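Note sheet for the following structure.
Nothing here was measured: the structure is a model prediction, and the numbers come from that model.
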Amino acid sequence: MALPLSFEFFPPKTPEGALKLRAVRQQLYARQPEFCSVTYGAGGSTQEGTFATVAEILAEGVPAAAHFSCIGATRAGVRAQLGQLQGMGVRRLVALRGDMPSGYGLGGEFQYASDLVAFIRAEFGSAFVIEVAAYPEVHPQARSPQADLQALLAKVRAGADSAITQYFFNTDAYFRFVDEACALGIDIPIVPGIMPITNASQLLRFSDACGAEVPRWIRLRLLGYGDDVASIQAFGREVVGDLCEQLQRAGVPGLHFYTMNQSAPTLALCERLGR
């Protein structure tokens, strides 16, 4: 059986971006993804764009997963928005706590992603497949690795079906995390998130912000290439290709690609995997 693949996009901000993303999606659909997901900005700031992009993917005949965050939200608001997604034909959600836009207090009626998962199950039963986030290298706001695993366990007990990890470049971190999760009784699939390397400064900035570890040897190689984009991308294909092959050989339940709304880097990795 072929390794299940899924692709993540973000809502485009301009008509030109929307046009480009349509072309990107068509190229990636050839890899027969299990689903494509669309991100959701802090505090729901991209909700309109998220829902519109999800609607386009569904219209193109591909299962779409809407990211959905709950921080700062009310139960009535979440109920209405989820009802809208259900009416659109969405059958899969990526349920997240999410971040508030800067300058806002936390507020709202949900404190954790597990609260959102429990609410979805209580209100909508099994209408949605629920994906949640997992952090092999520990969520940057977690009190400890153990507390982070307990947070994942709470999401599973609330009704999560599957987890997608933050991206990583060290397979040992992923395998250790999965082993520790299993030891706690977490029995849902934990799908590795994969970030193609195309832009060194962007990757390092993202990674520092989200707590993803870029091994020192990778960081130094990337910095050493300076502005040589071709070398950065060739190195990225090699490093991330090796990572994907190790994961595939180990029998992971799937791979989830953070495409950054580009097709070529993800397509190159799929080809290397025989997909």
Side-chain angles (χ1 to χ4, degrees), residues 5-31 33 35-73 77-78 80-82 84-85 87-90 92-104 131 133 164 166-167 193-210 212 222 227-230 232-233 236-237 240 256-270:
L5 305 179
S6 53
F7 303 127
E8 179 179 295
F9 307 113
F10 58 83
K13 294 185 173 68
T14 64
E16 295 78 17
L19 200 61
K20 179 194 167 198
L21 180 55
R22 288 182 195 116
V24 164
R25 288 199 303 266
Q26 290 303 323
Q27 291 171 311
L28 289 170
Y29 289 163
R31 305 300 167 174
F35 65 91
C36 293
S37 68
V38 185
T39 63
Y40 196 75
S45 56
T46 65
Q47 182 191 305
E48 189 177 326
T50 299
F51 285 22
T53 305
V54 163
E56 284 196 20
I57 293 169
L58 290 171
E60 290 159 353
V62 174
H67 283 223
F68 199 93
S69 63
C70 62
I71 205 76
V78 167
Q81 289 157 8
L82 291 175
Q84 183 182 344
L85 287 170
M88 289 164 54
V90 173
R92 188 182 296 260
L93 300 171
V94 182
L96 306 163
R97 188 197 70 169
D99 302 313
M100 281 298 285
S102 56
Y104 285 75
E131 308 277 353
I164 299 169
Q166 178 62 272
Y167 67 87
I194 304 297
M195 176 68 84
I197 297 175
T198 58
N199 179 310
S201 58
Q202 182 187 61
L203 177 75
L204 297 176
R205 187 172 67 251
F206 274 3
S207 301
D208 290 343
C210 71
L222 289 173
D227 296 326
D228 183 351
V229 174
I232 289 169
Q233 293 182 349
R237 282 193 299 274
V240 183
H256 182 77
F257 289 90
Y258 299 109
T259 70
M260 304 304 292
N261 289 13
Q262 299 179 57
S263 59
T266 297
L267 286 172
L269 294 169
C270 291

Item to complete: Report the distance from atom CG of Leu93 to atom CG of Leu82, rounding to the nearest 0.5 Å.
Response: 6.0 Å
Worksheet entry | Verdict with reasoning, Met195 to Met260, per side-chain contact (heavy atoms from CB on, under 4.5 Å) | CA-CA 9 Å; Met195 176 68 84; Met260 304 304 292; 4.0 Å; yes
Worksheet item: About how many Å separate CZ of Arg31 and OG of Ser6, when rounded to the nearest 0.5 Å?
Response: 15.0 Å
Show which side-chain atoms of residues 49-58 pair as donor or acceptor with protein atoms under 3.5 Å away, not counting sequence neighbours.
unit_1 : atom_1 : unit_2 : atom_2 : d
Thr50  : OG1    : Thr39  : O      : 2.6
Thr50  : OG1    : Thr46  : O      : 3.0
Thr50  : OG1    : Thr46  : OG1    : 3.1
Thr53  : OG1    : Gly49  : O      : 2.8
Glu56  : OE1    : Arg22  : NE     : 2.9
Glu56  : OE1    : Arg25  : NH2    : 2.7
Glu56  : OE2    : Arg22  : NE     : 3.4
Glu56  : OE2    : Arg22  : NH2    : 2.9

Item to complete: Check for a donor-acceptor pair, side chain of Thr259 on one end and backbone N or O of Glu8 on the other, with a separation under 3.5 Å.
Response: yes
Worksheet item: Should the pair His256 and Tyr258 be assigned to parallel (<30°), tilted (30 to 60°) or perpendicular (>60°) ring geometry?
Response: perpendicular
Worksheet item: Are the side chains of Pro265 and Gln233 in touch, meaning some heavy atoms are under 4.5 Å apart?
Response: no
Worksheet item: If you round to the nearest 0.5 Å, how far is CD of Glu131 from CG of Leu96?
Response: 10.5 Å
Worksheet item: What distance do Cys70 atom SG and Tyr40 atom OH have between them, rounded to the nearest 0.5 Å?
Response: 10.0 Å
Taking distance alone, no hydrogens or angles, what donor-acceptor pairs closer than 3.5 Å link side-chain atoms of residues 200-210 to residues at least two apart or in another chain?
unit_1 : atom_1 : unit_2 : atom_2 : d
Ser201 : OG     : Asn199 : OD1    : 3.1
Ser207 : OG     : Tyr167 : OH     : 2.6
Ser207 : OG     : Leu203 : O      : 2.7
Asp208 : OD1    : Arg219 : NH2    : 3.2

Worksheet item: Can you name the closest pair of heavy atoms from Pro196 and Leu269 and give their distance?
Response: CG-CD1, 4.0 Å
Practice prompt. Decide yes or no for Leu21 and Phe9: does some side-chain heavy atom of the first lie under 4.5 Å from some side-chain heavy atom of the second?
Written response: yes
Worksheet item: For the atom pair OG1 (Thr266) and CZ (Phe257), what is the distance rounded to the nearest 0.5 Å?
Response: 6.0 Å
